[in-house]
Amino acid sequence: MKKIIKDILILCIITVICGGVLGYVYQITLSPIEKQAQQSQQDAYLEVMKEATSFKEINSKEINKLAKQLKNNYGKNGITIEKALKSFKQKESIGYIIQVVDHDGFGGDIEMIVGINLQKEITGVEILSIDETVGLGMNAKNEDFRNQYVGKKVKKFQVVKTGKQEDEVDSLSGATITSKAMTNGINGALDFYDLLKGR
């Protein structure tokens with residue numbers, strides 16, 4: 001009986017020590033991880049708005065208030081506007097970056113950021129999170145697909161098999177659902193841009 005109690009005490013002490021060490025390691029690594037995440041996000045912003053020298057994040061309450069005014073159809077499960085930033089070149093405003101999540105991807109949510117300049121041209125599209133089928137929907141990450149939106153000034157995009165018009169996007173082969181989800185997210189960003197400018 002004494003041996004069992006002794007073994008239990010030893011296990012408890014080891015558990016407490018391991019927990020303490022893990023907590024200490026977590027605290028040490030937390031700050032570098034956060035800095036790396038912030039840097040990755042900043043890099044993504046610069047990818048979609050290359051001329052920007054700084055960004056100013058718009059208040060989340062204002063974003064939520066404006067997002068409620070989105071009335072268009074963005075698919076079965078819709079979209080969520082996660083974040084919006086005003087972009088500046090030195091002190092001059094040059095556009096907005098909108099972070100949007102579409103909830104109709106084949107594998108779940110697709111999170112992206114969309115850069116839109118003051119002429120309402122799309123300056124870039126970057127995917128932050130996606131879990132589509134490898135070799136099909138995951139091809140949405142390819143530059144060739146994303147560049148279909150870039151430099152375009154349209155009211156709304158539509159997905160087609162072979163696009164020839166400015167507002168037409170070629171569907172990914174075997175991944176129409178992913179193509180529509182991406183397009184709905186970008187259309188939502190364009191509509192949200194109008195709300196931001198009309199404040």
Side-chain angles (χ1 to χ4, degrees), residues 27-70 72 74 79-103 105 109-131 138-157 166-169 178-179 181-199:
Q27 288 300 323
I28 290 174
T29 57
L30 183 61
S31 181
I33 289 170
E34 284 180 347
K35 283 180 181 176
Q36 182 59 45
Q38 288 172 358
Q39 186 60 50
S40 296
Q41 203 163 46
Q42 194 78 0
D43 291 344
Y45 295 155
L46 288 169
E47 279 297 318
V48 300
M49 192 70 71
K50 290 181 171 61
E51 292 186 10
T53 55
S54 63
F55 306 99
K56 182 181 178 183
E57 194 168 331
I58 293 163
N59 184 282
S60 59
K61 287 184 180 178
E62 188 169 5
I63 289 172
N64 292 336
K65 182 181 176 183
L66 289 172
K68 289 176 182 175
Q69 298 176 41
L70 290 170
N72 288 329
Y74 306 110
I79 61 170
T80 302
I81 303 296
E82 291 288 327
K83 196 181 286 187
L85 303 97
K86 196 167 186 177
S87 303
F88 296 88
K89 184 177 182 180
Q90 306 309 330
K91 293 183 179 179
E92 181 187 356
S93 172
I94 58 171
Y96 290 92
I97 291 173
I98 298 164
Q99 188 169 325
V100 57
V101 179
D102 183 277
H103 303 293
D109 290 350
I110 300 175
E111 186 172 9
M112 67 197 91
I113 55 172
V114 184
I116 307 171
N117 67 19
L118 295 182
Q119 290 72 48
K120 206 181 174 180
E121 292 173 348
I122 292 182
T123 56
V125 176
E126 285 288 313
I127 295 175
L128 298 180
S129 175
I130 187 170
D131 191 23
M138 285 301 280
N139 288 334
K141 294 181 77 175
N142 294 346
E143 200 171 350
D144 286 348
F145 178 76
R146 290 182 290 110
N147 277 348
Q148 291 186 90
Y149 305 97
V150 178
K152 304 286 181 66
K153 183 179 178 181
V154 303
K155 188 174 180 181
K156 179 183 178 182
F157 287 100
E166 186 84 349
D167 63 348
E168 293 179 337
V169 175
T178 306
S179 304
M182 283 288 298
T183 300
N184 283 334
I186 291 166
N187 284 338
L190 286 169
D191 290 341
F192 193 75
Y193 168 92
D194 288 335
L195 294 173
L196 284 172
K197 284 202 75 177
R199 289 180 297 166

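We count residues from 1, following the sequence as given. The shown structure was predicted, so the numbers you read here are calculated from the model rather than taken from an experiment.
Residues that satisfy the ring-ring contact (aromatic ring centres under 6.0 Å, His included) test with Y96, not counting sequence neighbours, are Y193. Checked against salt bridge (charged side-chain N to carboxylate O under 4.0 Å, His left out), E111 has no partners two or more places apart in sequence or in another chain. Evaluation of the side chain to side chain contact (heavy atoms under 4.5 Å, CB included) rule for N147 yields E143, V150 as partners, not counting sequence neighbours. Take K50 and apply the salt bridge (charged side-chain N to carboxylate O under 4.0 Å, His left out) test, not counting sequence neighbours, and it matches E47. Contacts of E62 classified as salt bridge (charged side-chain N to carboxylate O under 4.0 Å, His left out), with partners at least two apart in sequence or in another chain: R199.
When side chains are defined from C-beta on, V125 counts as touching M182, because their heavy atoms get closer than 4.5 Å. Counting only heavy atoms from C-beta outward, the side chains of I110 and D131 never approach each other to under 4.5 Å. Looking at heavy atoms from C-beta onward, L190 lies out of side-chain contact with I98 at the 4.5 angstrom threshold. Annotation: side chain of L128 is in contact with side chain of Q99 (closest heavy-atom distance under 4.5 Å). Side-chain contact check for F88 versus K56: some heavy-atom pair is nearer than 4.5 Å. Taking 4.5 Å as the limit, some side-chain heavy atom of E57 sits within range of a side-chain heavy atom of K83. For the pair M138 and I130, the minimum side-chain heavy-atom distance is below 4.5 Å.
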Please test D102 against D109 for side-chain contact (heavy atoms from CB on, under 4.5 Å), starting from the C-alpha separation and ending with a verdict. CA-CA 6 Å; D102 183 277; D109 290 350; over 6 Å; no

Residues S87, Y45; criterion side chain to side chain donor-acceptor pair (under 3.5 Å); working and verdict: CA-CA 9 Å; S87 303; Y45 295 155; over 6 Å; no

Audit row: T80, H103, side-chain contact (heavy atoms from CB on, under 4.5 Å) steps and yes/no: CA-CA 8 Å; T80 302; H103 303 293; 2.7 Å; yes

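Across all their heavy atoms, I63 and A84 have their closest contact at CD1-N, 3.4 Å. Scanning all heavy atoms of the two residues, the minimum distance from L46 to A52 falls at CD2-O, 3.5 Å. The two residues R146 and E126 make their nearest non-hydrogen contact at NH1-OE2, 3.1 Å. Minimum heavy-atom separation, K155 to D191: O-OD1, 4.4 Å. Of all heavy-atom pairs spanning F145 and N139, the tightest one is CB-O, 3.9 Å. Closest heavy-atom contact between M112 and A181: CE-O, 4.2 Å.
L85 CG to F55 CZ: the interatomic distance, rounded to the nearest 0.5 Å, is 7.5 Å. The CD atom of E82 sits 10.5 Å away from the OG atom of S129 when rounded to the nearest 0.5 Å. Between the CD1 atom of I186 and the NZ atom of K152 there is a distance of 10.5 Å, given to the nearest 0.5 Å. Of the inter-residue distances, the one linking L66 atom CG with L196 atom CG reads 6.0 Å to the nearest 0.5 angstrom. The distance from the OG atom of S60 to the NZ atom of K65 is 13.5 Å, given to the nearest 0.5 Å. How far CD1 of I58 is from CZ of F192: 7.0 Å, rounded to the nearest 0.5 Å.
Within a 6.0 Å sphere centred on CD of E51, other residues, nucleotides and ligands contribute 12 heavy atoms or fewer. Heavy-atom neighbours of Q90 CD from other residues, nucleotides or ligands within 6.0 Å: at or below the threshold of 12.
Checking side-chain atoms of N187 against main-chain N and O of F157 turns up a donor-acceptor pair under 3.5 Å.
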Indicate every side-chain donor-acceptor pair of residues 113-121 with a distance under 3.5 Å to a residue at least two apart or in another chain.
residue: N117; atom: OD1; partner: Q119; partner atom: N; Å: 2.9
residue: N117; atom: OD1; partner: K120; partner atom: N; Å: 3.2
residue: N117; atom: OD1; partner: E121; partner atom: N; Å: 2.9
residue: N117; atom: ND2; partner: E121; partner atom: OE1; Å: 3.2
residue: K120; atom: NZ; partner: D194; partner atom: OD1; Å: 3.1
residue: K120; atom: NZ; partner: D194; partner atom: OD2; Å: 2.8

